[in-house]
2 protein chains.
Amino acid sequence: MNRMPVAERREQLVAAALAVASREGIEGATVRAVAAEAGVSLGVVHYCFQDKDELLRAMAHAITVQNTTRVGEIPPGTPVEDALAIAIDSVWETIIANRGAQLLSYEVTTSSLRHSELGQVAVEQYRGSWAIAEQLFDAIGQISSVRWKMPTDELARIALALIDGYSLAWLVDGETEPAQRGLRGFARYVASLAEPIDPVEIPDELPVPADLPVAGE
Amino acid sequence: MNRMPVAERREQLVAAALAVASREGIEGATVRAVAAEAGVSLGVVHYCFQDKDELLRAMAHAITVQNTTRVGEIPPGTPVEDALAIAIDSVWETIIANRGAQLLSYEVTTSSLRHSELGQVAVEQYRGSWAIAEQLFDAIGQISSVRWKMPTDELARIALALIDGYSLAWLVDGETEPAQRGLRGFARYVASLAEPIDPVEIPDELPVPADLPVAGE
DNA sequence: ACTTGACTTGGACACATGACCAAGTCACTC
DNA sequence: GAGTGACTTGGTCATGTGTCCAAGTCAAGT
């Protein structure tokens with residue numbers, strides 16, 4: 001096989017692991033399978049990674065990075081409802097476009113929760129997703145010139161819980177319509193939690209409506 | 001070891017498998033581990049079950065049954081908000097009371113989606129849960145004398161998606177407060193989807209508010 | 001040219017696991 | 001109390017897997 005520096009080889013192996021695991025499940029990502037997928041002999045894997053665990057951790061990290069890629073841009077001035085719809089649809093479409101990867105993501109999560117070898121992978125995964133979602137709500141707030149009646153971190157958790165739940169259900173029964181209907185309904189609900197603010201000047205202290213206790217984490 | 005009829009032994013083995021798998025994960029539920037947990041020699045398992053797969057299927061079925069046990073009774077006349085809160089709290093409490101079992105449930109789901117040996121276990125699991133949740137909303141409708149502005153099967157799917165998502169998040173970060181806050185918020189939202197009806201006489205044809213398309217499954 | 005070290009190879013080893021079996025043991029019935 | 005069949009035992013075997021290694025190959029620097 002072609003020679004290449006370790007770093008590059010590692011990337012190739014991680015990609016191979018991701019491919020195998022997406023296709024055949026996390027258990028199918030054996031050292032041999034990954035080596036075969038990369039077109040490399042067995043020893044190479046242990047030359048580039050100390051453990052199989054290290055390889056899997058690298059793969060999990062790649063998934064986390066992949067999951068926390070930003071959603072497409074939303075033009076400024078877009079109404080809240082539309083902005084929310086765009087964002088949620090975008091997330092949902094990337095999910096149903098990569099069934100294997102999505103399923104793998106859950107497998108990695110559960111594995112990480114059982115076996116300490118995978119370390120804090122699951123926690124990192126979720127922290128990253130929550131942070132991204134929160135940033136997204138903040139961004140939409142600015143884009144659409146609205147203020148949320150609920151802290152955005154809480155909004156983020158609701159949104160991700162719902163998406164997680166619906167995508168699991170979709171993995172099981174293959175129906176996309178219920179999820180889309182549900183998510184659209186959620187978008188409408190969230191839109192009702194937005195109140196317009198002056199897009200030009202944003203004063204520091206606006207009275208926050210006390211509908212819900214503002215519990216910052 | 002004590003002699004007992006096959007049926008009884010099978011139950012014991014399924015219980016042992018459930019115990020091991022809840023404690024150490026689905027991968028830890030090897031034939032040997034199950035036999036040891038049940039205090040039985042290796043051959044017994046293969047005497048009672050044709051395959052390891054058959055054992056796992058039986059275990060998965062046991063989980064499904066366990067997951068679809070009815071929530072506690074709600075006294076008639078309870079206001080919708082309270083009835084919803086009782087139901088959701090009840091579900092949530094059984095979840096956080098059995099962390100291992102809940103995690104195992106997800107492991108079984110993902111495993112079933114990968115390996116055809118587990119058959120339609122995941123689908124059965126979800127169909128059962130959806131049906132129960134739908135029945136629950138119907139029941140609450142009767143108990144609290146309200147009519148839902150949204151089809152109950154859709155309500156059920158939303159509720160279960162949310163619960164799934166939150167419980168996954170809880171498994172990862174161990175925080176119960178965000179989930180409880182989120183679920184209570186959902187209960188309040190659902191309560192807003194209820195409109196009172198005459199508790200005594202329920203006519204067959206009531207105009208259904210056309211907020212959403214009524215899509216029967 | 002030659003030396004050095006990074007990179008690769010193929011195989012070997014130990015171990016866990018699922019499957020299987022032949023013999024043994026016990027309870028129940030006639 | 002003898003026979004019958006359900007139940008149990010302990011062990012064996014094949015397979016897949018992670019880990020490791022000693023030797024081989026190649027590219028680059030001196």
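A quick note: this is a predicted structure, and the numbers were derived from the prediction, not measured. Chain letters run A, B, ... following the sequence lines, proteins first and then strands; every chain starts at 1.
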Enumerate the side-chain hydrogen bond (donor to acceptor under 3.5 Å, both in side chains) contacts for residues 33-57 of chain B, please, sequence neighbours excluded, ordered by first and then second residue. B:R10-B:E54, B:R23-B:E37
Write out all pairs satisfying salt bridge (charged side-chain N to carboxylate O under 4.0 Å, His left out) with one or both partners inside residues 114-132 of chain A, taking only residues at least two apart or from two chains. A:R114-B:E107
Going by the rule ring pair (Phe, Tyr, Trp, His ring centres under 6.0 Å), which residues pair with A:Y126 if we only count those two or more places apart in sequence or in a different chain? A:W130
Separation of atom [atom1] in [X] from atom [atom2] in [N], rounded to whole Å:
X      : N      : atom1 : atom2 : value
A:E117 : D:dG18 : CD    : P     : 12 Å
B:E11  : D:dC7  : CD    : C1'   : 17 Å
B:Q12  : D:dC7  : CD    : C1'   : 13 Å

Among all residues two or more places apart in sequence or in another chain, which pass the salt bridge (charged side-chain N to carboxylate O under 4.0 Å, His left out) test with A:D89? A:R184
Flag the pair A:Y106 / B:Y106 as yes when their ring centroid distance falls below 6.0 Å, and as no otherwise. no
If the sugar-phosphate is the primed atoms plus P, OP1 and OP2 and the base is the rest, what is the B/S/- string for nucleotides 11-24 of chain C, using protein heavy atoms under 4.0 Å? BB----BBB----B
Quick one: list whatever passes side-chain hydrogen bond (donor to acceptor under 3.5 Å, both in side chains) with B:S129, sequence neighbours left out. none
Looking only at side-chain N and O atoms, does A:Y47 come under 4.0 Å of OP1 or OP2 in C:dC7? yes
